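Read through the structure below, which is laid out as structure tokens, and then see the notes.
The chain is numbered in sequence order, starting from 1. Worth saying up front: this structure is predicted, and the values here are computed from it rather than measured.
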Amino acid sequence: MQKQKITDIAVRELDGFLADNGYELYNMEFVKEGKDWFLRIYIDWVDDGQDKYISTDDCEKVSRYLSGRLDELDPIEQNYYLEVSSPGLDRVLLTEKHYLRYSGKPVDISLYKALDGKKTYSGTLKGIVGDQIVIIDEKGAEIGFSKEQVAKTRLKVVF
């Protein structure tokens, strides 16, 4: 079965369960690493304005449910590992929804090619403005990057 179809099946099977338990799907991937296949599910709490974090118990709950459903359906021909986890404190922002949710938070942006001699920038995420990802740097200046320039935007963990 094709990778996309496996993730589609997993999304369909998880949809109601996640919603019923106050979770949301942050990201999913079905990838081959070396000789092994991994179905990775990243879950988060539905954004209700509170800072809540996914625990190992939350991951176990989702893993047990999805594992049981996938065992019943048996849609994956090869052996694979199912991993359920949080996207982490330093999560990568992947969708416009993520950029909107974390607007106002500190981020690190990595570029594919250096801009003004730098490949990494830090600042406070303003959000997506037009076709650009915009941050406000430590001097208060707005800096915009086209989406094509940005390799990765990651929440910055500040202690």
Side-chain angles (χ1 to χ4, degrees), residues 3-4 6-70 76 79-113 115 118-129 132-138 143-159:
K3 290 191 277 187
Q4 184 60 44
I6 291 166
T7 56
D8 288 347
I9 290 167
V11 166
R12 185 183 69 230
E13 293 303 314
L14 278 173
D15 191 41
F17 180 81
L18 293 177
D20 290 347
N21 288 279
Y23 305 123
E24 66 182 6
L25 182 64
Y26 191 86
N27 191 28
M28 178 184 307
E29 59 187 7
F30 184 61
V31 295
K32 186 174 185 181
E33 294 178 2
K35 61 179 176 46
D36 296 318
W37 283 91
F38 295 87
L39 177 57
R40 291 194 178 109
I41 314 291
Y42 300 91
I43 59 169
D44 204 0
W45 289 103
V46 172
D47 185 17
D48 61 3
Q50 298 179 23
D51 284 334
K52 297 188 289 189
Y53 301 100
I54 294 294
S55 71
T56 54
D57 290 340
D58 298 316
C59 294
E60 181 180 357
K61 182 178 186 178
V62 173
S63 179
R64 286 184 188 276
Y65 172 79
L66 184 58
S67 180
R69 293 297 301 140
L70 292 176
I76 304 174
N79 290 330
Y80 67 98
Y81 295 96
L82 174 62
E83 295 178 354
V84 178
S85 68
S86 158
L89 294 176
D90 63 341
R91 63 194 60 201
V92 175
L93 306 185
L94 301 165
T95 66
E96 289 194 28
K97 179 180 175 183
H98 297 158
Y99 282 91
L100 179 63
R101 181 175 183 173
Y102 297 106
S103 178
K105 301 288 186 188
V107 295
D108 290 322
I109 293 183
S110 303
L111 305 177
Y112 288 111
K113 288 177 34 178
L115 177 68
K118 292 173 53 177
K119 284 185 78 173
T120 59
Y121 287 81
S122 295
T124 301
L125 179 64
K126 182 172 182 180
I128 295 179
V129 180
Q132 294 205 322
I133 298 166
V134 179
I135 63 170
I136 301 170
D137 72 9
E138 65 278 350
I143 306 171
F145 307 95
S146 71
K147 292 176 186 176
E148 292 79 28
Q149 287 177 292
V150 176
K152 192 177 288 187
T153 303
R154 186 180 290 278
L155 284 185
K156 186 173 190 167
V157 178
V158 180
F159 294 101

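- To the nearest 0.5 Å, atom CG of residue Asp8 and atom CE of residue Met28 are 9.0 Å apart.
- The two residues Gly144 and Gln149 come nearest to each other via the heavy atoms O-OE1, 4.5 Å.
- At distances below 3.5 Å, not a single donor-acceptor pair connects side-chain atoms of Tyr26 with backbone N or O atoms of Leu94.
- Rounding to the nearest 0.5 Å gives a distance of 8.5 Å between CD1 of Ile135 and OG1 of Thr153.
- Taking CG from Leu70 and OH from Tyr65, the interatomic distance works out to 9.5 Å, rounded to the nearest 0.5 Å.
- Residues satisfying the salt bridge (Lys or Arg N to Asp or Glu O under 4.0 Å) criterion with Glu148, sequence neighbours excluded, are absent altogether.
- In this structure Tyr112 satisfies the ring pair (Phe, Tyr, Trp, His ring centres under 6.0 Å) test with no other residue, sequence neighbours excluded.
- Distance check: Asp137 CG to Ile109 CD1 gives 11.0 Å after rounding to the nearest 0.5 Å.
- For the atom pair OH of Tyr23 and CG of Asp58, the computed distance is 3.5 Å after rounding to the nearest 0.5 Å.
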Let me see the working for Lys147 and Glu96 under side-chain contact (heavy atoms from CB on, under 4.5 Å), right down to the final yes or no. CA-CA 11 Å; Lys147 292 176 186 176; Glu96 289 194 28; 3.3 Å; yes
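- Once rounded to the nearest 0.5 Å, the distance linking CG of Asn27 with CZ of Arg40 reads 11.0 Å.
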Step by step, would you call Lys61 with Phe17 a side-chain contact (heavy atoms from CB on, under 4.5 Å)? CA-CA 10 Å; Lys61 182 178 186 178; Phe17 180 81; 4.0 Å; yes
Walk me through whether Val107 and Ile133 qualify under side-chain contact (heavy atoms from CB on, under 4.5 Å). CA-CA 11 Å; Val107 295; Ile133 298 166; over 6 Å; no
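- In terms of heavy atoms, Lys126 sits closest to Ser103 at O-OG, 2.9 Å.
- Residues satisfying the ring pair (Phe, Tyr, Trp, His ring centres under 6.0 Å) criterion with Tyr99, sequence neighbours excluded, are absent altogether.
- Classification of the Phe30-Tyr80 ring pair by plane angle, with boundaries at 30° and 60°, yields perpendicular.
- Closest approach of Ser85 to Cys59, counting heavy atoms only: CA-SG, 3.5 Å.
- Residues Glu24 and Lys97 approach most closely at OE1-NZ, 3.1 Å, considering heavy atoms.
- In summary, the side chains of Arg91 and Tyr42 do not present any donor paired with an acceptor at a separation below 3.5 Å, with no hydrogens or angles considered.
- Under the 4.5 Å side-chain criterion, counting only non-hydrogen atoms from C-beta, Ile43 is in contact with Val84.
- Side-chain contact between Trp37 and Ile76 is absent, with no heavy atoms from C-beta onward closer than 4.5 Å.
- Taking a 6.0 Å sphere around CG of Asn79, one finds it holds 12 or fewer heavy atoms contributed by other residues, nucleotides or ligands.
- Annotation: side chain of Leu155 is in contact with side chain of Leu93 (closest heavy-atom distance under 4.5 Å).
- In Lys52, the NZ atom is crowded: over 12 heavy atoms of neighbouring residues, nucleotides or ligands sit closer than 6.0 Å.
- Leu125 approaches Tyr102 most closely through the heavy-atom pair CD2-O, 3.6 Å.
- Side-chain atoms of Thr124 never come within 3.5 Å of backbone atoms of Pro106 as a donor-acceptor pair (strictly under, hydrogens ignored).
- A 4.5 Å side-chain heavy-atom check between Asp44 and Arg101 finds at least one atom pair inside the cut-off.
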Show the numbers, then the answer: is there a side-chain contact (heavy atoms from CB on, under 4.5 Å) between Leu14 and Leu66? CA-CA 7 Å; Leu14 278 173; Leu66 184 58; 4.0 Å; yes
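- Side-chain atoms of Arg154 and Val92, non-hydrogen and from C-beta on, do get closer than 4.5 Å to each other.
- Contact of the Asp15 side chain with the Leu25 side chain is not registered, since no non-hydrogen atoms from C-beta on lie closer than 4.5 Å.
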